[in-house]
Engineer: 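My questions will all concern the structure given below.
Treat the numbers as computed from the prediction; the structure is a model and nothing was measured. Along the sequence shown, the residues carry numbers beginning at 1.
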Amino acid sequence: MMTQPNLLQNFQDIFQTTETPRSFFAPGRINLIGEHTDYNGGHVFPAAISLGTYAIARKRTDQSLRFYSINFPDAGIIECPLGDLSFNPDHDWANFPKGMIQMFLQNGFSIPTGMDILFYGDIPNGAGLSSSASIEMATGVVLEELFGLEIDRVQMIRLGQKVENDYIGVNSGIMDQFAIGKGKKDHAMLLDCQTLEFHYAPVKLNGYEIVIINSNKQRTLAASKYNERRSECEQALADLQKELPINSLGELTGEQFEQHKHLIANDINRKRAKHAVYENERTVQALNELQQGHIEAFGNLMNASHVSLRDDYEVTGAELDKIAETAWDHPGVIGARMTGAGFGGCAIAIVQQSQIDRFKETLTATYSKNFGYPPSFYETKISDGAKELVEEWQL
């Protein structure tokens, strides 16, 4: 088990110093409901989680930046000067913190000296829990606190997204950085991805826990199918715009969609649009149910979300379907669905604490029998957003 003293000792050993560095943490995130709604002008419903990225850091007196990750020890210390933060394929994971530092500098923030930063993440690789955004936001709070910078948190979130879009070259939305930057313990957030308006909703689980199930299937199709789905929704929107004054599918209610769906010429595109419209409605409804403490009703919305992603959006696949269907049949599970882009990655389930061990055993047996390998499980709490750690902690 990694603890704060372990990481501080690792930092001192690796960077050969007796100085006590400062400790920071940025969570990962899950999306509880609201999948493939962000680029359709709708809402998402993410939460920060207790798995994430630890950053142990100190200022240097020179211009050297030195990065080390306990997760990638073979890479050793990755070093570059503060004056040259250009993307370098050889720097691999370290391009994420480098990009964040460059964005701060380009936006007028003063970073006069270099730093030593040790990173340690307990987010599983490739699980779709947003490890890259977690590294970006961890670096952001390191810069904010070490150099006494006054930066609005939403501006830091936007800079994290710019790292992905402009520095790394991934055309991702703002949900990941927003959930990680503005997360609140025991709360999810309803986020309008267009306006960035958001509302917190308490997630009072009362004897239940969120279990993350990694299908351990490589998400080989995710990128190409993501672009395909996006295009299908754009075509559906264009058909609807012939008679409706709308800018996005997220502006429609289910009732309006039913009245005008005949305008969408292609059957496949009609199904895609149906998911986008109804999933957005479910996501807005989820806020109301949780604010009233209706956890079972929230679980039903999760289940309906998965069915829509399976039947109308067609992004689940056999592995994620088997996880969800097995969970729905299991005692003590009030909701389960895929989370993320789909075609592999993770599902989430809300499971009664007394049933968690049995749930894992049942699902492992069923899944292994069908696919020849087991899933992985992570129990997690809903946590605060990126911050400096001033108290002792352990992972």
Side-chain angles (χ1 to χ4, degrees), residues 1-28 48 50-86 88 90-105 109-123 125 131-151 153 156 159-160 163 180-181 383-395:
M1 177 178 285
M2 206 54 88
T3 63
Q4 189 175 28
N6 292 155
L7 285 180
L8 297 179
Q9 186 63 55
N10 274 323
F11 180 95
Q12 291 174 331
D13 292 346
I14 287 155
F15 293 115
Q16 298 184 330
T17 178
T18 56
E19 189 180 327
T20 301
R22 289 162 72 176
S23 303
F24 304 85
F25 176 74
S50 48
L51 301 170
T53 304
Y54 295 81
I56 315 298
R58 66 158 184 172
K59 286 194 284 190
R60 295 176 58 84
T61 55
D62 59 17
Q63 297 288 295
S64 182
L65 290 163
R66 297 196 299 170
F67 307 100
Y68 182 89
S69 172
I70 288 178
N71 301 88
F72 304 103
D74 292 346
I77 294 174
I78 296 171
E79 193 165 350
C80 73
L82 195 54
D84 180 11
L85 290 162
S86 56
N88 183 339
D90 293 340
H91 288 172
D92 195 27
W93 66 268
N95 283 300
F96 292 101
K98 281 174 57 186
M100 202 66 180
I101 297 164
Q102 184 178 84
M103 290 299 167
F104 269 68
L105 288 169
F109 293 100
S110 174
I111 304 171
T113 68
M115 292 172 287
D116 292 334
I117 314 180
L118 176 143
F119 290 94
Y120 169 70
D122 56 8
I123 301 174
N125 281 343
S131 54
S132 63
S134 182
I135 294 172
E136 290 153 10
M137 298 308 294
T139 307
V141 289
V142 166
L143 296 172
E144 178 183 31
E145 299 296 338
L146 282 191
F147 296 102
L149 305 176
E150 289 191 16
I151 178 168
R153 184 52 63 97
M156 188 193 294
L159 293 182
V163 173
I180 290 166
S383 83
D384 285 325
K387 63 182 180 180
E388 182 166 9
L389 297 170
V390 287
E391 298 170 2
E392 282 222 0
W393 40 266
Q394 74 175 30
L395 284 57

Engineer: Starting from the C-alpha separation in whole Å, work towards a yes-or-no answer on side-chain contact (heavy atoms from CB on, under 4.5 Å) for V163 and T139.
Structural biologist: CA-CA 12 Å; V163 173; T139 307; over 6 Å; no
Engineer: Quick one: does N88's side chain have a donor or acceptor within less than 3.5 Å of a partner on N95's backbone?
Structural biologist: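 Checked: no pair found.
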Engineer: Please examine the side chains of Y120 and N71, heavy atoms only from C-beta on, and report whether any two atoms are closer than 4.5 Å.
Structural biologist: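 Yes. Closest side-chain heavy atoms under 4.5 Å.
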Engineer: Under a 4.5 Å cut-off applied to non-hydrogen side-chain atoms, are P21 and F15 in contact?
Structural biologist: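 No, side chains not in contact.
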Engineer: Provide the closest heavy-atom pair for L149 versus S110 in the form atom of the first, atom of the second, distance.
Structural biologist: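 Taking L149 first and S110 second, the nearest heavy atoms are CD2-O, 3.4 Å.
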Engineer: Give, for atom CD1 of I111 and atom CD of Q102, the distance between the pair rounded to the nearest 0.5 Å.
Structural biologist: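 Reported value, rounded in 0.5 Å steps: 10.5 Å.
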Engineer: For a quick test of reading the model, state the closest non-hydrogen atom pair linking F147 to G114 and the distance between them.
Structural biologist: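 Where F147 meets G114 most closely, the heavy atoms are CZ-O, 4.4 Å.
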Engineer: Any chance you could lay out the side-chain contact (heavy atoms from CB on, under 4.5 Å) test for I56 and N10, step after step, and finish with the verdict?
Structural biologist: CA-CA 10 Å; I56 315 298; N10 274 323; over 6 Å; no
Engineer: How long is the straight-line distance from CD1 of I117 back to CG of L143, given to the nearest 0.5 Å?
Structural biologist: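 CD1 of I117 is found 6.5 Å from CG of L143.
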Engineer: Identify the two heavy atoms, one from A138 and one from A26, that lie closest to each other, and give their separation to 0.1 Å.
Structural biologist: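 That closest heavy-atom pairing would be N-CB, 3.5 Å.
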Engineer: Determine the interplanar angle of the F104 and F109 rings, folded into 0 to 90°, and report it as parallel if under 30°, tilted if 30 to 60°, perpendicular if over 60°.
Structural biologist: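 Because their plane-to-plane angle lies in the 30° to 60° range, the rings of F104 and F109 count as tilted.
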Engineer: Pair I78, W93 - check side-chain contact (heavy atoms from CB on, under 4.5 Å), show working.
Structural biologist: CA-CA 10 Å; I78 296 171; W93 66 268; 3.7 Å; yes
Engineer: Grab the two heavy atoms, one from A57 and one from L146, that are nearest each other, plus how far apart they are.
Structural biologist: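 That would be CB-CD1, 4.0 Å.
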Engineer: Quick check against the 3.5 Å criterion: does Q12 have a side-chain atom that pairs as donor or acceptor with the backbone of T18?
Structural biologist: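 Pair found, side chain donor or acceptor close to backbone of T18.
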Engineer: With a 3.5 Å distance limit and no angle check, can you tell me whether T113 reaches the backbone of R60 through a side-chain donor-acceptor pair?
Structural biologist: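 Yes.
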Engineer: What is the minimum heavy-atom distance between D384 and K387, and which atoms define it?
Structural biologist: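 Residues D384 and K387, closest heavy atoms: OD2-NZ, 3.4 Å.
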Engineer: For the CZ atom of F67 and the CD1 atom of I101, what is their distance to the nearest 0.5 Å?
Structural biologist: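 Between F67 CZ and I101 CD1, I get 4.0 Å after rounding to 0.5 Å.
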Engineer: Does the E150 side chain pair with the main chain of E144, one donor and one acceptor, at a distance under 3.5 Å?
Structural biologist: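 Absent.
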Engineer: Would you call the rings of F25 and Y54 parallel, tilted or perpendicular if under 30° counts as parallel and over 60° as perpendicular?
Structural biologist: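 Answer is tilted, since the angle falls between 30° and 60°.
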Engineer: Ignoring hydrogens, what is the shortest heavy-atom contact between S134 and G28? Give both atom names and the distance.
Structural biologist: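 So the minimum-distance heavy-atom pair works out to OG-N, 4.2 Å.
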Engineer: Nearest 0.5 Å, please: how far is CE in M100 from CE in M156?
Structural biologist: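 M156 CE to M100 CE: 6.0 Å, rounded to 0.5 Å.
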Engineer: For D116 and L118, indicate whether the former's side chain and the latter's backbone hold a donor-acceptor pair under 3.5 Å.
Structural biologist: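 Not confirmed, D116 side chain does not pair with L118 backbone.
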Engineer: Roughly how far apart are S69 OG and I77 CD1, rounded to 0.5 Å?
Structural biologist: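 Answer for the OG-CD1 pair, S69 versus I77, is 12.0 Å.
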Engineer: Mind running side-chain contact (heavy atoms from CB on, under 4.5 Å) on V141 and R153 for me, showing each step along the way?
Structural biologist: CA-CA 9 Å; V141 289; R153 184 52 63 97; 3.4 Å; yes
Engineer: Rounded to the nearest 0.5 Å, how far does SG of C80 lie from NZ of K98?
Structural biologist: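 The SG atom of C80 is 5.0 Å from NZ of K98, to the nearest 0.5 Å.
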Engineer: Any donor-acceptor pair under 3.5 Å linking the side chain of T53 with the backbone of G121?
Structural biologist: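 Checking the backbone N and O of G121 against the side chain of T53, no donor-acceptor pair under 3.5 Å is found.
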